[in-house]
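A short write-up of the structure that comes next.
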Number of protein chains: 2
Amino acid sequence: MNNGRFPISMHILTLLASAKGELLSSDYIAGSININPVLVRKEISNLRNHGLIESKEGKNGGATLAKSAEKIQLSEVYHAVQQAALLGNSKNEPNPDCPVGKQIKQHLDHLYVEIEGALLRKLEKTTLADFLGQFE
Amino acid sequence: MNNGRFPISMHILTLLASAKGELLSSDYIAGSININPVLVRKEISNLRNHGLIESKEGKNGGATLAKSAEKIQLSEVYHAVQQAALLGNSKNEPNPDCPVGKQIKQHLDHLYVEIEGALLRKLEKTTLADFLGQFE
DNA sequence: TCATTCTGTAATTGTCTTTATTACAGTACA
DNA sequence: TGTACTGTAATAAAGACAATTACAGAATGA
């Protein structure tokens, strides 16, 4: 994959899970992650679109989990942030006149489906509550 | 992960496997992938350092597999190109004064070890020969 | 009502990473 | 000894990612 969106979303969700229903502001969350609050609000927006978070505007607003941490599988977090192929795709189109170049994208995609499946089965087994439980 | 190095290395190795011992030049390979030949030579250099490829300088030089495609596991390719955490790490240090920020890196790393293990077990089961066998 | 404190989002800029390009020394072959 | 390659460094261009600025709109409570 690519960027730091998975760890950022995990950080947000872990904070919300530890807050037990209390609303947390994007400024507070940004202070814990040490990134810009606007980026936090963008990730919150994304997680909300995927049904993991609820948020409230206005004074004393903030974000909270949309369902209990026990019911949030880490595979849902992965799906929420995943945008590029797991092990990357070459930017340019391979040469269609080459027997290998012509077909490689299709076969790489197939490989990616398999390994991503293995990864997802792991992530499905772990809930946000499990993850939070490791903290002391 | 990050960039397009895994698909590029797979493309190189697949071409070499299909060439059956014949030396292929970086220009030819670059033409199939549709990238710059210097980038191909860099990847070849990396794959050579990991024992997957041999190359020969000078006229009629080029690259070839260092061992048979049956003996190259795709996990070896992954290890050769892998440099960043599978699902990314946040660039900035989290706030050490926050109970979550203080520990999250450690717990994310632990999670990454698990899911990367699942991924590697899949890649170990597939050889370069298996991958090439899918081509018609 | 209205100042205050938040979210939501767009637009811009800055920074970092990746890829392309240029250049050239060195090697092998015919 | 010219030609066709690799190997590698240095630089430039392009693209991706994150930070910042700006501001409209929503909820609260004095």
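Treat the numbers as computed from the prediction; the structure is a model and nothing was measured. By convention in this document, chain letters (A, B, ...) are assigned in the order of the sequence lines, proteins followed by strands, and residues within each chain are numbered from 1.
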Open item on the list: For dA4(D) and S25(B) - does any side-chain N or O of the residue sit under 4.0 Å from the phosphate oxygens OP1/OP2?
Closed with: no
Task: Length of the CG-P vector between L23(A) and dC6(C), whole Å - done: 11 Å
Task: dT7(C) OP1/OP2 closer than 4.0 Å to side-chain N/O of S26(A) - done: yes
Task: Salt-bridge present (R48(B), E54(B); N to O < 4.0 Å) - done: no
TODO: Return the value, rounded to whole Å, for the distance between atom CG of N46(B) and atom P of dT8(D).
DONE: 12 Å
- [ ] In whole angstrom, give the distance that lies between atom CD1 of I53(B) and atom P of dG7(D).
- [x] 10 Å
Open item on the list: What is the separation between atom CD1 on I44(A) and atom P on dT9(C), rounded to the nearest whole Å?
Closed with: 12 Å
Task: Under-4.0 Å side-chain N/O to phosphate OP1/OP2 contact, S45(A) with dT7(C) - done: no
TODO: Check the distance between dT8(D)'s P and N49(B)'s CG and give it to me in whole angstrom.
DONE: 8 Å
- [ ] Using a heavy-atom cut-off of under 4.0 Å over every strand shown, decide if R48(A) touches base, sugar-phosphate, or nothing.
- [x] sugar-phosphate
- [ ] Let me know the distance between CG of L24(B) and C1' of dT6(D), rounded to the nearest Å.
- [x] 14 Å
Open item on the list: How many whole angstroms separate atom OH of Y28(A) from atom C1' of dT7(C)?
Closed with: 19 Å
Open item on the list: I need the CD-C1' distance between Q83(A) and dA18(D), as an integer number of Å.
Closed with: 13 Å
Task: Residue Y28(A) excluded, over 12 heavy atoms near OH under 6.0 Å - done: no
Task: Contact state string [nucleotides 20-30 of chain C, B base, S sugar-phosphate only, - no protein heavy atom under 4.0 Å] - done: SBB---BBBB-
Task: salt_bridge(E114(B), K125(A)) N-O dist < 4.0 Å - done: no
Open item on the list: Using a 6.0 Å cut-off, check whether atom NZ of K71(B) has over 12 heavy atoms from anything other than its own residue.
Closed with: no
Task: Between S9(A) and E43(A): side-chain donor-acceptor atoms closer than 3.5 Å - done: yes
TODO: For the pair S32(B) and H11(B), evaluate side chain to side chain donor-acceptor pair (under 3.5 Å) and give the outcome as yes or no after the intermediate values.
DONE: CA-CA 9 Å; S32(B) 171; H11(B) 198 138; 2.8 Å; yes
Task: E116(B)/K122(A) salt bridge by N-O under 4.0 Å criterion - done: no
